[in-house]
Amino acid sequence: MTTITRFAPSPTGLLHLGNIRTALINWLYAKNSGGKFILRIDDTDQERSKDEYISQIKYDLEWLGIDYDETFNQSSRFERYKEQFEKLKSDGRIYACYETPEELERKRKLQMAAGGKQVYDRSALKLTEQQIKDYENDGRKPHWRFLLQTERMKWNDLLKGEIDIDLTSLSDPVLFREDGVPLYTFSSAVDDVDYNITNVIRGDDHTSNTAVQIEIINALDENKISFAHHALLKASTGDKLSKRDNVISIDSFRKDNIEPISILSLLATIGTSNSIELKSGIKQIIDEFKLETISTSPGRIEIDVLKALNKKQVQKFDYEEIQSRLTEIDENVDKKFWDTIKGNLETVEEISSWTDIVFNSKPAESDDKDYIKLALELMPEEPWDDDTWTTWTNAIKEKTGRKGKELFLPLRVAFTGLTHGPEMKLLIQLIGRDKIVERIQT
Ligand code: GLU
């Protein structure tokens, strides 16, 4: 049997690291077993779903290199949901309810006060024909619940092991709203059956949904799906991740010029029993993937770790690999420039601050003017090579008696405007004699 997994985001916001991790796990699970991966857009809630988020989700996945074999929107399947709903209804598994949200809330509060389970009391099942007529005459439209029949739902979760959920502690789920819109619990179950999904892997916030959905799936067909629930990632503070938290959206990392491989490396290892490290590419991530290494306790996202992985990746780039990106930033960036500067960059695009320093004449104010003037007098003629800096600073040292920081730092500041950066012996070769003279005399 071919493995078929799916990623089912609701297009109500930008994807964040936690969402993408679920996508990645499902994608890797399918890839690893030569299976199929489906992107399902959960857009039944048309008020909250936005087309711009759908495009963004697809763009994020493409940018990260997570491809899918098939995609569809739930909004295109309303007829199918209705059809399956009618089937369950004629099987006696669905019943109409007329309570308003306020009435339901009152019942819940009473149950809470009485210290009992806060579960829908199924009073709709006891309505007489006359009561139903009265509701209808009042203009009330029913919402529809699924009648749960199993007391305990058990399954062998591929990540959490044996699960045993008391379904009597859960309310009969609403499958259709009074306005005829199907709800996630139902549409997802119908799709998972119709698309022959073999493995549903999702966050452990869905564990009780699974208990309910298995019963719905069994009412539609025979359940052949294996479920796995992973712990959700948390923010470094330990808080839940939220779609409103734009700081950890894939879009924000792309805008910050973080490389896809840095994000994938983090997500492939965070919250697993393996250590976090930069991977050589997507192939390594696929080859190494093992579902069972995913931990059932939540991983925390440390943005500094992502930045450190990215810095490592930047250092790994050969000039040729990113030549077009570099020359787009500044056509003067050549291999020598890249090799000299890359050790100081956290992102490739940060090179632009160095093209500014090297190519543009930026006067640097020095409080050590006489010293710099003297250094200038001793500056060797070109051509310069890797020994020029030592020859030059030795001469300055001899003349002034300065050494260490006192000798070097004022020069670095005068030539670059910064107190840190690449090795001066390389950097001065990039800047060149004329620029240094020009810079100091202005
Ligand atoms: N749209 C649901 C969500 O984003 C999908 C959950 C699932 O994988 O079934 O939580």
Side-chain angles (χ1 to χ4, degrees), residues 3-30 36-51 53-54 56-58 60-61 66 68 70-78 81 84 146 153 155 157-160 163 165 170 173-175 177 181-217 220 223-234 240-245 248-250 291 294 298:
T3 300
I4 307 180
T5 62
R6 85 308 191 264
F7 172 51
S10 313
T12 54
L14 296 174
L15 292 182
H16 59 51
L17 286 179
N19 308 130
I20 279 290
R21 176 168 175 252
T22 304
L24 181 66
I25 294 171
N26 278 281
W27 183 77
L28 289 171
Y29 194 81
K36 264 176 68 177
F37 174 68
I38 296 178
L39 170 66
R40 184 183 88 201
I41 303 291
D42 282 3
D43 59 349
T44 50
D45 183 345
Q46 304 219 287
E47 276 143 42
R48 293 179 58 223
S49 301
K50 294 217 164 65
D51 282 349
Y53 291 130
I54 299 179
Q56 189 80 39
I57 288 168
K58 291 183 177 172
D60 286 349
L61 290 170
I66 301 177
Y68 38 86
E70 197 175 336
T71 181
F72 66 95
N73 293 10
Q74 287 197 318
S75 59
S76 68
R77 285 179 41 87
F78 280 127
Y81 304 138
Q84 291 295 63
F146 177 77
M153 182 55 76
W155 74 91
D157 193 283
L158 290 188
L159 280 170
K160 290 171 72 143
I163 306 270
I165 289 190
L170 299 178
V174 176
L175 301 194
R177 294 195 318 212
V181 173
L183 291 182
Y184 156 77
T185 314
F186 184 57
S187 50
S188 179
V190 172
D191 289 340
D192 287 341
V193 172
D194 285 357
Y195 283 80
N196 299 313
I197 301 300
T198 56
N199 295 82
V200 169
I201 310 168
R202 58 189 175 188
D204 59 11
D205 53 333
H206 283 289
T207 309
S208 59
N209 279 340
T210 297
V212 169
Q213 283 174 333
I214 291 178
E215 188 162 335
I216 299 175
I217 290 169
L220 293 169
N223 178 39
K224 301 187 202 84
I225 304 171
S226 245
F227 286 86
H229 297 86
H230 61 75
L232 295 179
L233 293 184
K234 291 191 163 174
K240 238 180 104 183
L241 302 183
S242 149
K243 281 194 179 163
R244 285 174 291 280
D245 201 354
I248 51 150
S249 70
I250 302 304
L291 187 69
I294 294 172

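Both counts, for ligands and for their atoms, begin at 1 and track the order of listing.
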(message) Any atom of ligand 1 sitting under 4.0 Å from a heavy atom of Arg6?
(response)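 A heavy atom of Arg6 does come that close to ligand 1.
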For [X], take its heavy atoms, then give the atoms of ligand 1 lying under 4.0 Å from any of them.
X: Asp42; answer: 1 (N), 2 (C), 5 (C)
X: Arg202; answer: 7 (C), 8 (O), 9 (O)
X: Ser188; answer: 9 (O)

(message) If the threshold is 4.0 Å, N to carboxylate O, is there a salt bridge linking Lys50 and Asp43?
(response)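 Not counted as a salt bridge, because no side-chain N and carboxylate O are separated by less than 4.0 Å.
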(message) Could you check whether Asp42 pairs with Arg6 (Lys NZ or Arg NE/NH1/NH2 to Asp/Glu carboxylate O, under 4.0 Å)?
(response)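 Arg6 and Asp42: not salt-bridged.
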(message) I need the contact type for Tyr184 against ligand 1. Using non-hydrogen atoms and a strict under-4.0 Å cut-off, is it side chain, backbone, both or neither?
(response)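 Answer for Tyr184: side chain.
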(request) Compute the shortest N/O to N/O distance between Ala8 and ligand 1 and return yes if it is under 3.5 Å, no if not. (result)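 Yes: some nitrogen or oxygen of Ala8 is under 3.5 Å from one in ligand 1.
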(request) Indicate whether any N or O donor in one side chain lies under 3.5 Å from an N or O acceptor in the other, for Arg40 and Ser188. (result)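 Yes, because at least one side-chain N or O of Arg40 sits under 3.5 Å from a partner of the opposite role on Ser188.
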(request) Provide the closest heavy-atom pair for Pro11 versus Ile41 in the form atom of the first, atom of the second, distance. (result)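 Closest pair (atom of Pro11, atom of Ile41, distance): CG-CG2, 3.6 Å.
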(request) Quickly, which of His206, His230, Arg202 forms a side-chain hydrogen bond (donor to acceptor under 3.5 Å, both in side chains) with Thr22? Name it, please. (result)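 The side-chain hydrogen bond (donor to acceptor under 3.5 Å, both in side chains) with Thr22 is passed solely by His230 among His206, His230, Arg202.
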